[in-house]
Undergrad: 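Provided herewith is a single structure, encoded as structure tokens, for subsequent inquiry.
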Amino acid sequence: MSIMIPLIVFSLVIALVVRFMKTQKAFAFTVRLGAAGVIVLSIVYAVCNFNNVVTFDLSNYEWIKYPVLALELLITGYIVFRGISSKKFLVAIFATLQFGLIAWFELTQENNITVKNDIYIDKISLLMILIIGVVGGLICLYSVEYMKAYHHHHPEFEDRRGFFFSVLFLFTAAMFGLVMFNNMTLMLFCWEITSLSSFLLIGYTKTDEAVNNAFTALVVNVFGGLCFTIGIVILGMHSHVLDFNSLMNLSNNNTVVMLAVLLIAVGGLTKSAQMPFSKWLLGAMVAPTPSSAILHSSTMVKAGVYLIIRLAPLLGSNAPGYTVAFVGGITFMYGAFMAISQRDAKKILAFSTISNLGLIVTCASLNTPEALWAAIMLIVFHAISKALLFLTVGSTEHQIGSRDVESMDGLVNVSKAVSMCLIIGIAGMFIAPFGMLISKWAAIKALIDSGNIIILLIVAFGSTVTMFFWTKWLGKIIANAHNKKKIDNTLRFDEKASLFSLSAMVVIVCAGHPLISKYIITPYIQNNMGINFSSPIDPVATTIIIAMMCVLFILPLIFVPLYHAHKEKPSSIYMSGENTGDDESFHGSLGQVQSVELQNWYMQGIFKEVKWCSWASAIVLVVGLLSIVGGFFL
Amino acid sequence: MGNRTIVPFGPQHPVLPEPIHLDLVLEDETVIEAIPSIGFVHRGLEKLVEKKDFQQYVYVAERICGICSFMHGMGYCMAVENVMDLKLPDRAEFLRTIWAELSRIHSHLLWLGLLADAVGFESLFMHCWRLREEILDLFDMTTGGRVIFSVCKVGGVRKDIDAEKLKKIVEVLSNMDSSLRSITKIFLSDTSIISRMSGVGVLSPEEAFDLGAVGPMARASGIVVDDRLLGYGAYPHVKFEVQTATEGDCYARTKVRINEIFESISIIKQCVSLMPSDTAIDVPVKGNPDGEYFARLEQPRGEVVYYVKGNGTKFLDRMRVRTPTFANLPPLLHTLKGVDLADVPVLVLTIDPCISCTER
Amino acid sequence: MQNFKIIGKDDLLSVATQMKYDHYRLAQISCTKKDKLDLVYSFVKDYDLENIRIELEFDEEIESISGIYSYAFLYENEIKELFGVKIMRISLDFNGTFYKIKKTESKNGEVAQNG
Amino acid sequence: MSFFQMAKTVLSSMFKKPATLNYPVKPREYDPIVRGHIEIEIEKCIFCGMCQRKCPTGAIKVERAEKRWAIEPFDCIQCNNCAESCPKDCLHMHNTATPANENRDLIRDARISVDAEDNKDS
Amino acid sequence: MNTVLFVIIKILIIVIAAPIVGGLLSGVDRKLSAKMQRRKGPPILQPFYDVIKLFQKETTTVNNFTRFYVAISLFFTIFTVVLFCLGMDLLLCVFSFTLACMFFVIAGYSSYSPFSFIGTERELIQIMCYEPMILIAAFGYYEAAGTFSIGGVFGLSSPVILKLPLIFIGLTYILTIKLRKSPFDLSMSHHGHQEIVKGITTELTGSSLAMVEITHWYETIFSLGFVYIFFAYNTTASKIIAAVICLVVYFLEILIDNTFARVKWQSALKYSWIITLITGALNLLYFNFFH
Amino acid sequence: MNMIKKSPWILHYDGSSCNGCDIEVLACLTPLYDVERFGIINTGNPKHADILLITVSVNEQNIPVVKQLYDQMPNPKAVVAVGICAATGGIFKECYNVMGGIDKVIPVDVYVPGCAARPESIIEGVVKALGVLESKRKANEE
């Protein structure tokens, strides 16, 4: 039990303490302390346990399931109460069903099942702990000043910061638990806490829209939880297995087991917002930015893919494997296509998150070493880059008063720091030597080798589209516009600290990806699959990539002195000869001075959200049904 | 607002042969609104009648526009001749008609070339202009000028075309026929061009009337109007058909103009064969114009209206010209809405704009 | 010789409406400035030309017919700018920026005489 | 669907001689009727001033007293009006254009001797 | 030590020879186009005259960064060509090439000039048009050659084209976009008259513009290199045939350039994706099921 | 080695013209005259151009445009005034809205006469302008 104390309990304590704080100073102190603690503890923990797999058996603590059940009852009660009072009966029904099922199962059926290693912390768990601890901690740190400014900008919302921070830390604790538990029932418990935190944070502002979206998220997540529960119950009753370690040893030819695996995978798909469940993630963007960053992009949605990675040994070339891979592929393309037509930065990030999670899901479900390597790499890079992007968008919003991509033109003239972070974040998401691309490369290799041509095609188109919307955003930021636009843009220490550390992490992790691969991912895969495996990117290519990276950072340094030595004659912009002189306006037709406005393309005619959403959902459902029918009953 | 692209289009712009300015409001690449601004070519030629006498003014009228230069001179002369009640010798009328129709061919070929250029088809542009040079050589041979002929005068024409040169004209036109047909066929049948023109800038007959379209623009929308049927010049003596189309889009306008080229060739051939043997090419002009008259004639771009008001002195009171492009601007602005930026040059071209005519 | 039908300025709108109803097209609007402003509206139906003349004092105002013939706004802006005819309620009024001619001249009324 | 409509024209053009006149290398021969610039036979001129009055651009200056006839070539629109109105038929339209010049104040004065004028042109 | 020296010399040769060949090809292109239009056309060396002139001219700039982005774009294009010619990983080449294109696009964005901006958006659309096909061609190559390494092509006993005929067709279609030939010269055209003036290069002058031109020469080499690896295998004759086929493809592109009107972006996107899907998917699926 | 003589790129601006000279400038590009033989390209973009070809005089509204275009051209640059209107205003000289020759707005290096100027004259004018460019470049270097 002792190993849980440092991480989970610390977070819980902070969550509890901060709930009853009132003043800004108190918040700042406690949250900073909490954030620093979480970061340090997770690093220390990771370093200490780096070379050994930590296992722990709770068989001596049989009683623990009663408090857990009680807490679950509490949660279910709360959800049912909120559901009924807001007339969202579906939520209440799902929650009740789930609790009934799990309570029945645990109280009457579970006794004859032996669970070994309730806690099992291997390399991938360790990696997740690091992500949750470091990225999550930085996000918490960031949120101190952010929330202060948030309430300053939005006086119309009730200031419930104590509650906000408290849920944030509660969630962190739950996430730690989620990645540590090997026992599925305990994992399910953490799973529900994360769903609940998500619900609470989305509804933070208590506006109608927020509450509605919160319920959408809850309904999907509780539905996922229900699927998860059914899966657990089936596994428990049919195969007498309740932990992942044993699950892996089951044969993947057994129809009932595979059905249970598919159900658990559906749970994972809901949490990671795959088609057709992806709508909730977009709604979640109404929440304050730190919660979007921590819950809806870097950690909580990763719980879904983490689950699928855990299930990976049972997936692969079978019906659930194909289904999940296909769902991931379609989601990847759908997310990328839809991001084109968005102009709200957070919406873009949300769609891109959905899209990338799709790719991760696809990779995880292929169950080949290369694919798994790619999936885990993607999780790492995505978590860092997305967290950075979300936080930077939050800062940008506070500086220019909008998170519309179109109003970010010339951001580089307004705030160098923020735009640098934004550029690094965007670059991290798709530009060649950066991390996401390396993982995508591995994913592509894995896809070709496993012969998934359809998904391969989807990836080819999806990545191209991805490039389109990121580049146009990047273009807006670096545009040489609105030189005169100056805004008071003092970044607070907390914001700076977290933005800069995340930016540095994007670069460092990318440059150091061979190390991550060598010391974390490869051992995990070797261990898990029992094969000899090395990084899919060959060393020469890795060297070239790192060289490219260095060049990208060195070239500007070479050019700077050259520029100072050789100044070009400034010239006005070509405006068909109608310039007024300030490069931002021209003489209009009616004799007025007309300012030039340049807006990116959104192609909303082609990329209609509703149309594509229904098509993608339909395809996913049809393929899912077909494969279930084909795989299980034929 | 704030979410739309607003860009200046012109006055200096590679696809605009002449300066005109449009404030283009775009969404993606679709034009939401186009507000025109003219005046870059406004010189004030109508007022120049007060400084040049009515005979000298022919040279100014010719320079209202360098493409349909001859037709401007001719229209002005027609108006003055009507005020002064002059009856021209038949040969002068036939010569004028030949030059007018040659001008039409040259103008339409020029336009076809520019159209090809606007849709990004450079080689076709080159071939069109190569053919056009053959017509210009005919001008060089018969009038001594490639662009501005200076052959019209009040009371007739200043140069005769002798039989040999008339034969040469027919010969050149006949030789051109096959290459002309193969070039124009490309415009009418090549899928890549059709995809740029078909369905772009559709103007229904009702809209064409409501917006006051004239010339090929109106004819392409199915309105049968051709001022040559008014019976000026030698047109009463020759047979020709008014070319119309029904689609009302850029493709229809191209089709109409291409058919007009062949119609013009036939008119010229008829004129040459019907050419009166009487050698008088002008009548003496006595006195000064007194009175007013509206002359209308069909330019390559459509109907031009000349209004002349004399007061008995050699300086006119008022000379007014309403050129076809002026009338075709409203349909242009109407059709610009909702097209792509890439279509803007194509659409601007399909009215065959002549800004120097428009602004004078 | 052609006919010029002289009407009063108040009849303009009704005459224009009638013309439009009869399917006439507005061929042009022109102005001649002597001791009075002499406005000529020409309407064309096929090959038929109708001219309508209105005589105005310099400071008299006249209604725009751009509500009836939408494309009249071009002609009206033109004569408004070049001759200083006071035309009211043009649908798209450039307010003297149609041709953007040199403004200094308009002070002494020079510009108002050209066109 | 018909693509490559142009291919025939384009490919056959490749094997034809270019239509290019090769102008500066090969001087252009003009038809005699072509209007290039006005020349005067000064010895025939009676300085009546008819050409000056008829000229639409006022390019011709005639000073009867000084027996001076001059033309501003950068004002002349080559309309041939002066030649047609000359009572003594001493003005002629030549078919070569005035050369392009870096200086536009190039008044051709008929009193200047022919040699000097040639020097000035070149 | 010797091998290192050898590689360095090789790189130098590639860096110097590629633009010369590219420039000559561009000169031939202009001459042939002129012939097709019944003109005499410029001298073959004209592209070099143009570029040298641009270097001799004054460089003006609308901001301090544009030229820098263009330079990076050039750098990575050279980098790509070097990687390609050294026979490295094909996918890496594609990625590095995309990076180069990206910097070019960013150069277009940075000026905040109307026509440059619209050109940039179109350029992005164009990248979106051709990128899937290039990726799929790389995938196909991997399946056919068993490796992503370009050098591996010379170890094959039969050319890749036999296994990827459809992908080759798709690739030649897409090359029209990369070589900026009509009908796909949306973003910046070599021809004079376009509705967006000169697209991305509108604001570039002097040496910046010259760099873009040189980038284009390298791009030409890279594009034709892609064609080359479809035909070359371990015989000497095949290498010569492959080079000849590259020239034939280039001629075909010139012919297409002169026989098509420019399409709009909608059609460009639609047709190139449809072609990509048909050729790429069919070929890959066929290959996967039968080999 | 000075390449500007081998690759002069032109920008054509049509002032308050009658179109006559403009279409002749365009005609220079076409097969019969084909100025691309001399490396001349009609760029349509002041920033790429070496020679500004202005056909015909300017009016009030054109003055800022012409100045702007001239300013945007990088050095060395030359201006060729095509047609007599561009030199003196020609037949439009007396119009109230015409300013007369281009040289009232920007310095002109070569004048091409003619109404309308013939393509041969225009080619001749451009060739003359090349000499001007050459000497301007030399002056710049010194």
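Just so we're on the same page: letters track the sequence lines, and every chain starts at 1.
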Undergrad: Taking non-hydrogen atoms and a cut-off under 4.5 angstrom, which of residues 239-253 of chain E neighbour chain D?
TA: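 So far as heavy atoms go, Phe251(E) are the residues that approach chain D to under 4.5 Å.
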
Undergrad: If you measure from CG on Leu255(E) to CE on Met6(D), what distance do you get to the nearest 0.5 Å?
TA: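 Result: 10.5 Å between the selected atoms.
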
Undergrad: Would you check if Met14(D) and Leu32(E) make a side-chain contact, meaning some heavy-atom pair closer than 4.5 Å?
TA: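 Met14(D) vs Leu32(E): side chains touch.
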
Undergrad: For a 4.5 angstrom cut-off between non-hydrogen side-chain atoms, does Lys35(E) reach Ser13(D)?
TA: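 No, too far: nothing below the 4.5 Å cut-off.
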
Undergrad: Output yes when a side-chain donor or acceptor of Arg38(E) lies under 3.5 Å from a complementary backbone atom of Lys16(D), and no otherwise.
TA: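 Checked: no pair found.
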
Undergrad: Which atom pair, heavy atoms only, marks the closest approach of Val10(D) to Asn258(E)?
TA: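 That closest heavy-atom pairing would be CG2-O, 3.8 Å.
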
Undergrad: Are any side-chain N or O atoms of Thr20(D) and backbone N or O atoms of Arg39(E), one a donor and one an acceptor, separated by less than 3.5 Å?
TA: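 Flag not set: sc Thr20(D) to bb Arg39(E) has no pair under 3.5 Å.
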
